[in-house]
Novice: 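Below you will find the structure I want to go over with you.
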Amino acid sequence: MAGAKAKTINLLLYEGNLGGVISIEDSSWNSGELYSAPRESVDELLDTDACKKYGVYLLLSQDMVYVGQASDLAKRVGQHKIGKDWWESVAILTTKDDSLTHSDIDYLESYLIDKAKSVGRLDCDNKNKGNKPKVDKFREVYLGQYLEEALFLLQLIGINVFNDTKTVKVGSLIKTLDVKTKLAIGKRAKADALSFLSEKGILLKNSNTTYAVKTDGKDECCANPQTSLLDKEWDIILNNNLDMELVLLHVPAKTFSLKKDDKAGLAVRTDKPELIDLRINLKTLTEKRGGLDFSKYVVKKIKY
């Protein structure tokens, strides 16, 4: 341990597991703050304090990243829910005291775009190189330290899009877990579920697939998919991580409609009517709020 510098990392799991919204602080990071969430939990992330500050956001898949910045992160990330369908999770880099300035986030965005491009992970839509950084030499040192710690924490939770795959240390905290273990704890749930099913010869389109993990203490899976999925061939993956089983459902286009008055249908969230409030019971495979039967759409149940 000679020469090692100890640090304390605080990890807040908003949904009680690694598959939901995560907030991370680091004793070596001054006021820095990192938030992460899978796409299906992005609305919960947008409701946190993180999105009321200046910061940089990352739209992520297993091997690609789009880097952006905003002073209104909730609005900007919300726009990408509709505009881009390839990303599986989002990360936000900001500060607890909202101390980043416009110049700061210009610098951070530009650096991360260059770094992702250098390792071939930058999304093709990220043609914008970021605004030209305008920070003095003292602020540049501070931001360099901020980035060093941010990249460390991103790798710690399994986000390696800024690393050369030849040099990534497989010993990072989450990267060491195999797919089955990550499914069991809910980490990066949708991406790992799709990967696991692909290995079994089942290929699903990410943008048409809804993923939901079993709610702690209940026999149900909850998710908030876009209402537009009702008009498409809709795949649903239910992860019963208590029994270590994936339940795959395929719902043909226009099978269900939204609930109106007393008619049967799927309910929407009262605060976000563009999202379905989906709650499927794992034992009966009926939808809690609309009473609809999903059991007839089961394609396969796969143990992991």
Side-chain angles (χ1 to χ4, degrees), residues 13-22 36-41 44 60-63 86-89 157-160 170-225 229 232-253 255-256 266 276-304:
L13 308 178
Y14 281 71
E15 298 170 32
N17 60 66
L18 291 168
V21 179
I22 301 173
S36 173
R39 186 174 185 134
E40 56 267 27
S41 298
E44 287 72 17
L60 300 149
S61 68
Q62 291 276 25
D63 56 5
W86 59 265
W87 58 277
E88 301 164 354
S89 63
I157 60 171
I159 298 173
N160 290 303
V170 181
S172 63
L173 178 64
I174 300 302
K175 197 68 176 179
T176 58
L177 302 179
D178 61 24
V179 170
K180 293 182 180 181
T181 304
K182 286 190 280 187
L183 284 172
I185 64 176
K187 171 60 188 168
R188 297 199 68 185
K190 185 176 181 180
D192 289 311
L194 289 172
S195 176
F196 178 76
L197 291 173
S198 177
E199 292 175 1
K200 300 295 182 180
I202 302 172
L203 302 178
L204 303 179
K205 187 176 179 181
N206 178 58
S207 59
N208 286 18
T209 303
T210 295
Y211 169 87
V213 67
K214 181 182 179 298
T215 303
D216 290 341
K218 296 183 179 180
D219 288 321
E220 67 180 25
C221 291
C222 302
N224 295 131
L229 283 174
K232 303 176 182 179
E233 296 291 316
W234 184 19
D235 293 305
I236 303 172
I237 303 170
L238 304 179
N239 182 358
N240 184 346
N241 59 353
L242 182 63
D243 294 337
M244 299 185 73
E245 180 180 68
L246 294 182
V247 181
L248 175 61
L249 301 92
H250 178 79
V251 182
T255 296
F256 295 125
L266 293 170
I276 301 169
D277 189 2
L278 189 68
R279 306 180 190 186
I280 300 178
N281 186 288
L282 281 166
K283 291 184 176 180
T284 64
L285 293 177
T286 54
E287 205 284 317
K288 182 177 181 180
R289 296 192 63 189
L292 300 174
D293 183 8
F294 277 76
S295 63
K296 64 184 72 174
Y297 305 107
V298 174
V299 175
K300 204 166 189 178
K301 296 183 179 181
I302 305 174
K303 292 286 187 179
Y304 57 83

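Not measured: the values here are computed from a predicted model.
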Novice: Rounded at 0.5 Å granularity, tell me how far CD in Glu40 sits from OG in Ser89.
Specialist: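 Answer for the CD-OG pair, Glu40 versus Ser89, is 9.0 Å.
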Novice: Once rounded to the nearest 0.5 Å, what's the spacing between atom CG of Leu282 and atom SG of Cys221?
Specialist: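 Here the interatomic distance stands at 4.0 Å.
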Novice: When Ile202 is tested against each of Ile237, Leu246, Leu197 for side chain to side chain contact (heavy atoms under 4.5 Å, CB included), which residue passes?
Specialist: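 When side chain to side chain contact (heavy atoms under 4.5 Å, CB included) is applied between Ile202 and each of Ile237, Leu246, Leu197, only Leu197 qualifies.
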Novice: Given side chains that start at C-beta, do those of Leu248 and Ile302 come closer than 4.5 Å, heavy atoms only?
Specialist: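 In short, these two side chains do not touch, never coming nearer than 4.5 Å.
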Novice: Nearest 0.5 Å please: distance from the CZ atom of Arg289 over to the CG atom of Leu266.
Specialist: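 Going from CZ on Arg289 over to CG on Leu266, the span is 10.5 Å.
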Novice: Using the side chain to side chain donor-acceptor pair (under 3.5 Å) definition, which of the options Asp192, Asn206, Asn239 pairs with Tyr211?
Specialist: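 That would be Asn239; it is the only one of Asp192, Asn206, Asn239 passing the side chain to side chain donor-acceptor pair (under 3.5 Å) with Tyr211.
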Novice: Among Val299, Leu249, Leu204, which residue meets the side chain to side chain contact (heavy atoms under 4.5 Å, CB included) test with Asp235?
Specialist: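 It is Leu204; the other options fail the test.
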Novice: Quick one: pull up CG in Leu278 and CG in Leu238 and give me the separation to the nearest 0.5 Å.
Specialist: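 Separation between the atoms: 8.0 Å.
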Novice: Given side chains that start at C-beta, do those of Tyr14 and Ser41 come closer than 4.5 Å, heavy atoms only?
Specialist: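 With C-beta onward as the side chain, the pair stays apart.
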Novice: Give a yes or no answer on whether the side chain of Glu233 reaches the backbone of Ala253 with a donor-acceptor pair at less than 3.5 Å.
Specialist: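 Yes; at least one donor-acceptor contact below 3.5 Å.
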Novice: Nearest 0.5 Å, what's the NZ-CG distance between Lys288 and Asn281?
Specialist: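 Atom-to-atom, Lys288:NZ and Asn281:CG are 9.0 Å apart.
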Novice: Tell me, with the steps shown, if Ile22 and Leu13 meet side-chain contact (heavy atoms from CB on, under 4.5 Å).
Specialist: CA-CA 5 Å; Ile22 301 173; Leu13 308 178; 4.0 Å; yes
Novice: Taking the side chain as C-beta and beyond, is there a heavy-atom pair between Lys214 and Asp243 under 4.5 Å?
Specialist: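 Heavy-atom side-chain distance check fails, nothing below 4.5 Å.
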Novice: In terms of ring plane angle, is the pair Phe256 and Phe294 parallel, tilted or perpendicular, where the classes change at 30° and 60°?
Specialist: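 Tilted, since the angle between the ring planes falls between 30° and 60°.
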Novice: When you measure from the side chain of Thr209 to the backbone of Lys205, do you find a donor-acceptor pair of N or O atoms at a distance under 3.5 Å?
Specialist: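 Yes: the side chain of Thr209 pairs with the backbone of Lys205.
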Novice: Can you find a side-chain donor-acceptor pair between Asn240 and Lys301 that sits under 3.5 Å?
Specialist: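 The answer is no; no qualifying pair exists.
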Novice: How close do Thr284 and Asp293 get, counting heavy atoms only, and between which atoms?
Specialist: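 Looking at all heavy atoms of both residues, the shortest contact is O-OD1, 4.4 Å.
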Novice: At their closest point, which heavy atom of Cys222 faces which heavy atom of Ala212, and how far apart are they?
Specialist: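 Closest approach of Cys222 to Ala212: O-CB, 3.5 Å.
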Novice: Would you compute the distance between atom CG of Leu60 and atom CZ of Arg39 and round it to the nearest 0.5 angstrom?
Specialist: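 Rounded to the nearest 0.5 Å, the CG-CZ separation comes to 12.0 Å.
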Novice: Within a strict 4.5 Å, meaning less than it, do heavy atoms of the Leu285 and Tyr297 side chains meet?
Specialist: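 No, side chains not in contact.
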